[in-house]
Protein chains: 2
Amino acid sequence: MGTTQLESVPEPKYWHLKTVLSEALDSEFSVGEILPNERDLAARFGVARATLRQALEQLELEGRLQRRRGVGTTVAPPRMGVAVGTELHVWPGAPGDAWQPVDCVTEVPAAAVAAALETGADEPVHTVRRSRVTHGQRVAAELLHIPAASVPDLSGIDAPAGVARARAVLRELQRLELEGRDSAVELGSARADDAKELDRLPGAPVLVVTTRYLAAGRTAALSVATYRADTCRLTFGDSGNVEIHEDPHRHAS
Amino acid sequence: MGTTQLESVPEPKYWHLKTVLSEALDSEFSVGEILPNERDLAARFGVARATLRQALEQLELEGRLQRRRGVGTTVAPPRMGVAVGTELHVWPGAPGDAWQPVDCVTEVPAAAVAAALETGADEPVHTVRRSRVTHGQRVAAELLHIPAASVPDLSGIDAPAGVARARAVLRELQRLELEGRDSAVELGSARADDAKELDRLPGAPVLVVTTRYLAAGRTAALSVATYRADTCRLTFGDSGNVEIHEDPHRHAS
DNA sequence: TAGTGGTCTAGACCACGGA
DNA sequence: CCGTGGTCTAGACCACTAA
């Protein structure tokens with residue numbers, strides 16, 4: 001036939017759309033600027049709204065866009081670097097750490113937490129809730145699990161819960177000698193409570209950082225911190241922290 | 001009215017669906033088992049297929065499911081821990097590292113890479129492509145950028161590209177003294193080339209690990225590694241590496 | 001109250017894998 | 001070839017925000 005078949009691998013529309021939008025963001029928009037609404041954009045590109053939304057979702061996942069219901073879609077600033085792996089051999093709650101205690105409860109934890117802490121099934125655990133603010137933005141929410149056995153001298157505190165108790169638990173933790181630490185990062189989706197704390201909808205993508213603190217040959221504390229994946233880049237520096245100004249991954253190929 | 005209004009905050013259908021499916025996966029399915037197809041599942045729960053797919057997407061994002069076109073949806077095994085932050089003060093390509101060189105080209109890089117390397121705009125850079133296999137699975141693809149100035153004694157090599165040249169560049173790199181390193185982790189979506197290497201569709205969620213290697217007071221190499229976010233948990237241990245058996249994040253709350 | 005993004009539907013067709 | 005998940009459409013209604 002006379003028809004040429006160049007499109008041997010037809011690219012999905014939303015993928016092509018994402019590329020076009022991405023280039024437009026680089027050249028025609030500046031940070032914080034509001035994009036046209038989804039219905040107009042879809043009409044302009046001649047696609048259904050659902051298809052446009054698929055492209056926007058990808059761009060939001062990559063931290064290029066920010067969407068807020070009732071407001072609109074704006075161009076996101078570059079992701080902020082958030083230090084996670086520095087301050088070796090320091091307990092949570094040490095002077096100058098980036099976290100702010102919010103609450104504390106003491107109870108027998110869920111089975112998964114007990115297993116990670118290697119505690120007995122009936123052993124009570126203090127769970128401190130903390131939040132992290134960087135550059136004026138709430139970037140992470142944390143649950144810090146501390147077996148009651150790790151902080152035995154908590155007798156003078158009568159507060160059954162709340163910030164006061166959280167501070168007391170953290171203070172007692174400093175008395176132990178920290179022997180080591182290991183962390184893991186994985187992708188997750190925000191639970192309802194974390195989503196509220198992070199000002200996102202439930203299910204929003206988050207980076208979950210799980211850290212075990214070791215003392216006296218056992219796990220003395222377990223931190224599960226959820227960071228906003230759209231706005232954060234987690235940095236693990238073992239040398240001086242230098243900012244990488246532009247993302248080499250974005251434009252490569 | 002006599003009708004009670006308990007649903008003050010109506011939960012989205014796909015969110016409830018995700019919870020139900022998640023519990024079913026825990027109790028009624030085992031790893032590797034094939035779920036009913038999407039049309040049957042949607043009918044069984046009385047929702048449109050698109051709504052069901054929204055729930056499945058979330059579960060896949062959390063590493064609970066694996067979906068393959070033409071095959072079906074299966075229950076995913078727990079995420080594998082992949083060491084990323086150990087082996088301090090070791091160059092890429094050192095004996096025993098987990099990466100396998102695939103290719104190497106030498107050319108003037110994209111602007112973003114040049115900026116991160118702090119090289120001049122016209123300075124050539126070796127780009128080594130490597131892939132990482134763990135537990136028999138391709139888990140990551142890497143582009144390793146090395147300024148030509150970091151490996152000046154590359155004269156005896158006549159191969160213009162390919163694995164041989166990659167090995168030669170890595171070998172030369174070992175002659176420098178590594179002074180430090182810093183890494184960053186962020187969420188991204190797989191480019192077409194990485195997706196093919198990782199056996200995923202383009203746009204699949206990945207964890208992008210950017211590492212700068214420092215020597216002689218400058219950036220001697222820059223690694224951009226993309227890990228499959230669905231199957232990997234990146235571990236950064238500064239003490240012995242101990243596996244966390246079950247994810248404390250999954251079941252909490 | 002008007003306009004935004006978020007959810008949901010009931011279809012259709014396509015690309016891929018295996019029999 | 002058939003069955004799977006992946007893409008796409010053209011609507012509808014809801015939840016939220018700001019004026």
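Residue numbers start from 1 in every chain, and the chains themselves are labelled A, B, ... in the order their sequence lines are given, proteins ahead of strands.
- Partners of B:L56 by side-chain contact (heavy atoms from CB on, under 4.5 Å), not counting sequence neighbours, listed by chain and number: B:L21, B:E38, B:L52, B:L65, B:R67.
- Among residues two or more places apart in sequence or in another chain, the side-chain contact (heavy atoms from CB on, under 4.5 Å) test is passed with B:T127 by B:V105, B:V125, B:L143, B:H145.
- Rounded to an integer number of Å, the gap from B:K18 NZ to C:dT7 C1' is 16 Å.
- Residues satisfying the side-chain contact (heavy atoms from CB on, under 4.5 Å) criterion with A:R39, sequence neighbours excluded, are A:N37, A:R49.
- With hydrogens and angles left out, the side chain of A:R39 and the base of C:dG5 share a donor-acceptor pair within 3.5 Å.
- Scanning for side-chain hydrogen bond (donor to acceptor under 3.5 Å, both in side chains) contacts around A:E33 gives A:S30, with sequence neighbours left out.
- In this structure, the CH2 atom of B:W15 is 22 Å from the P atom of D:dC14, given to the nearest Å.
- Closest contact between the side chain of A:Y14 and the listed nucleotides C:dT4, D:dG5, D:dC8 involves D:dC8.
- Between the side chain of B:R79 and the main chain of A:L187, a donor-acceptor pair closer than 3.5 Å is present.
- If you check D:dG5, C:dG6, C:dT7 against the side chain of B:E38, the one that comes closest is D:dG5.
- Near DNA chain D, defined here as any heavy-atom distance below 4.0 Å, the residues from residues 44-59 of chain B are B:R49, B:R53, listed numerically.
- With sequence neighbours left out, the salt bridge (charged side-chain N to carboxylate O under 4.0 Å, His left out) criterion links A:R130 to A:D97, A:E142.
- Remark: P of C:dG5 and CZ of A:R200 are 14 Å apart, rounded to the nearest angstrom.
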